[in-house]
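To start, the structure itself, in structure tokens.
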Amino acid sequence: MRYKLFGRHTGLRVSELALGTGNFGTGWGHGAERDEARSIFDGYVAAGGNFIDTADTYQVGQSEALLGDFIAADRDYFVLATKYTLGAGPQGKNPVADLARTGNSRKTMIRAVEDSLKRLKTDRIDLLWTHMADGLTPMEEILRGFDDLSRSGKILHAGLSNFPAWRIARAATLAELRNTLPLAGIQVEYSLAERTPDRELLPMAEALGLGAALWSPLGGGFLTGKYREQQEASRLTKLGMLVHTEKSARETALLDAVLAVAAQVGAPASHVAIAWLRAKAARSSTSLIPILGPRTRAQLDGTLGALSLQLDAAQVAALDAVSAVPLGVPHEQLQASLPRLAGGVLDKLDLPPLPVA
Ligand SMILES: NC(=O)c1ccc[n+]([C@@H]2O[C@H](COP(=O)([O-])OP(=O)(O)OC[C@H]3O[C@@H](n4cnc5c(N)ncnc54)[C@H](OP(=O)(O)O)[C@@H]3O)[C@@H](O)[C@H]2O)c1
């Protein structure tokens with residue numbers, strides 16, 4: 001495992017792969033029991049990992065509670081990230097109570113953090129994420145909550161997960177101008193199966209120096225190819241959420257291409273998916289950190305094998321091509337008009353790659 005700074009606004013040194021713990025616990029009816037979760041955690045630490053991702057809502061609070069036990073012996077070893085917005089408790093019993101427990105508001109944030117600290121059995125969170133935009137709370141309120149919590153020592157850094165790029169860019173600028181807690185990074189779904197962050201979110205993270213934690217690096221299991229054949233209980237059959245499937249010819253072509261490269265290099269498809277992300281990270285000017293989501297120790301061990309796989313340029317290019325999404329307006333217009341703008345001297349201009357900051 002190698003280590004990186006998480007973005008350019010923190011001194012946090014994190015391992016190049018984070019451990020996602022959405023599968024720690026069984027509160028959602030699909031996940032890992034305590035012993036299996038402990039074994040995954042130990043395997044990740046043994047491989048050199050130090051960056052842990054959880055959320056109050058994962059497995060209805062069980063993920064944080066299990067992690068609280070696992071990190072207790074050496075709390076400072078870990079960069080511990082959690083999230084608030086969706087609430088830890090089971091919802092739907094009392095809609096008015098749900099109003100107070102969910103969303104992005106400062107009230108929800110402060111109370112959720114206090115509850116997370118209890119479950120995690122620690123006195124601070126290294127990185128707090130707002131889990132997803134509620135579409136209601138003003139950014140000023142979120143930033144004020146982050147700043148209050150950092151000044152009180154309950155959180156050290158903060159970031160935005162699943163927010164539109166324009167809101168994140170505005171938040172980063174506001175925090176910078178007001179000299180309040182800087183935005184550390186973004187968390188977003190990104191993999192061969194989900195390349196739309198190439199349009200705005202990842203170029204923004206690079207330009208603004210935000211770290212990027214990438215969730216569902218295997219497309220929720222899709223990129224392993226196993227759901228083509230597997231009949232036994234899986235996330236696809238038991239959880240049914242956050243899993244890409246072959247719902248179009250495009251996805252079938254993508255999975256065929258991943259499996260073809262896997263056959264070429266003699267490794268599982270999961271290695272190819274992670275190795276492609278590592279190749280992307282190596283070309284990025286900010287830290288791109290895939291968040292692994294194993295449900296078993298065998299899955300973790302299997303995926304970690306990707307650390308010793310390096311794809312060659314032709315393999316990366318083939319995967320880039322089959323997974324690319326149209327960048328749309330204005331990016332494609334810019335690319336098309338660049339030669340005209342540069343007049344007759346294009347071959348003499350040293351230009352940064354588009355899109356530029
Ligand atoms: N911010 C957010 O909104 C957000 C959203 C989602 C996730 N996350 C974070 O990102 C983490 C990872 O996301 P994810 O769980 O969707 O990641 P993922 O790795 O794309 O999918 C995980 C699933 O893939 C399968 N799998 C994993 N490794 C495998 C292997 N080596 N061989 C075969 N199958 C394998 C398992 O499916 P089966 O269970 O079917 O075996 C597992 O449940 C989460 O734990 C969480 O921390 C954040």
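Order of listing sets the numbers, starting from 1, for every ligand and every atom in it.
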For atom 24 (O) of ligand 1, which candidate among Ala81, Gly221, Ala213 holds the nearest heavy atom? Gly221

Mind checking whether Phe41 and Phe70 have parallel, tilted or perpendicular rings, split at 30° and 60°? tilted

Close approach of Tyr227 to ligand 1, heavy atoms, under 4.0 angstrom: yes

Mutual orientation of the aromatic rings belonging to Phe222 and His244 [parallel < 30°, tilted 30-60°, perpendicular > 60°]: tilted

Output the list of atoms in ligand 1 that are nearer than 4.0 Å to some heavy atom of His131, sorted by atom number. 1 (N), 2 (C), 3 (O)

Evaluating non-hydrogen atoms only, which member of Ile291, Val188, Asn162, Asp301 is closest to atom 11 (C) of ligand 1? Ile291

Is Asp98 paired with Arg101 through a side-chain N to carboxylate O contact shorter than 4.0 Å? yes

Sub-4.0 Å atoms of ligand 1 with respect to non-hydrogen atoms of Gly220: 16 (O), 18 (P), 20 (O), 21 (O), 23 (C), 24 (O)

Which atoms from ligand 1 have a heavy atom of His30 less than 4.0 Å away? 38 (P), 39 (O)

May I ask you to test the Phe6-Val79 pair for a side-chain heavy-atom distance under 4.5 Å? no

Met132 vs Leu86 side-chain heavy atoms within contact, under 4.5 Å: yes

Measuring from the heavy atoms of Tyr58, does anything fall under 4.0 Å of ligand 1? yes

Find out whether Leu288 and Leu202 are in side-chain contact, i.e. whether some heavy atom of one side chain is under 4.5 Å from a heavy atom of the other. yes

Considering both backbone and side-chain atoms of Gly22, is one of its nitrogen or oxygen atoms within less than 3.5 Å of a nitrogen or oxygen in ligand 1? yes

When you compare ligand 1 with Thr54, is there at least one nitrogen or oxygen pair between them that comes in under 3.5 angstrom? no

Would you mind listing every side chain to side chain donor-acceptor pair (under 3.5 Å) that reaches into residues 249-265, with sequence neighbours excluded? Arg228-Asp256, Glu246-Thr252, Lys247-Glu251, Ser248-Glu251, Gln264-Gln315

Residue-level breakdown please: for Ser161 versus ligand 1, do any non-hydrogen atoms fall below 4.0 Å on the side chain, on the backbone, on both, or on neither? side chain

Heavy atom of Lys83 under 4.0 Å from ligand 1? yes

Arg106 bridged to Asp147 by N-O distance under 4.0 Å: no

Quick one: does ligand 1 sit under 4.0 Å from the side chain of Gln187, the backbone, both or neither, non-hydrogen atoms only? side chain

Which one holds for Ser191 and ligand 1: side chain close, backbone close, both close, or neither close, with close meaning a heavy atom under 4.0 Å? neither

Would you mind running through ligand 1 and noting each atom that sits below 4.0 Å from a heavy atom of Thr224? 33 (C), 34 (N), 35 (C)

Only heavy atoms of Asp53, strictly under 4.0 Å: list the atoms of ligand 1 that pass. 9 (C), 46 (C), 47 (O)

If the cut-off is 4.0 Å to any non-hydrogen atom of Gly219, which atoms of ligand 1 fall inside it? 20 (O)

For atom 38 (P) of ligand 1, tell me which residue out of Met132, Lys226, Glu189 has the closest non-hydrogen atom. Lys226

Salt bridge or not between Asp126 and Arg75? Use side-chain N to carboxylate O under 4.0 Å. yes

Salt bridge check: are Asp53 and Lys83 linked by an N-O gap of less than 4.0 Å? yes

Evaluate salt bridge (Lys or Arg N to Asp or Glu O under 4.0 Å) for Arg119 paired with Asp115, printing each intermediate quantity in order. CA-CA 6 Å; Arg119 280 187 296 272; Asp115 289 352; 5.0 Å; no

For ligand 1, the portion of Leu218 having any non-hydrogen atom under 4.0 Å away: both

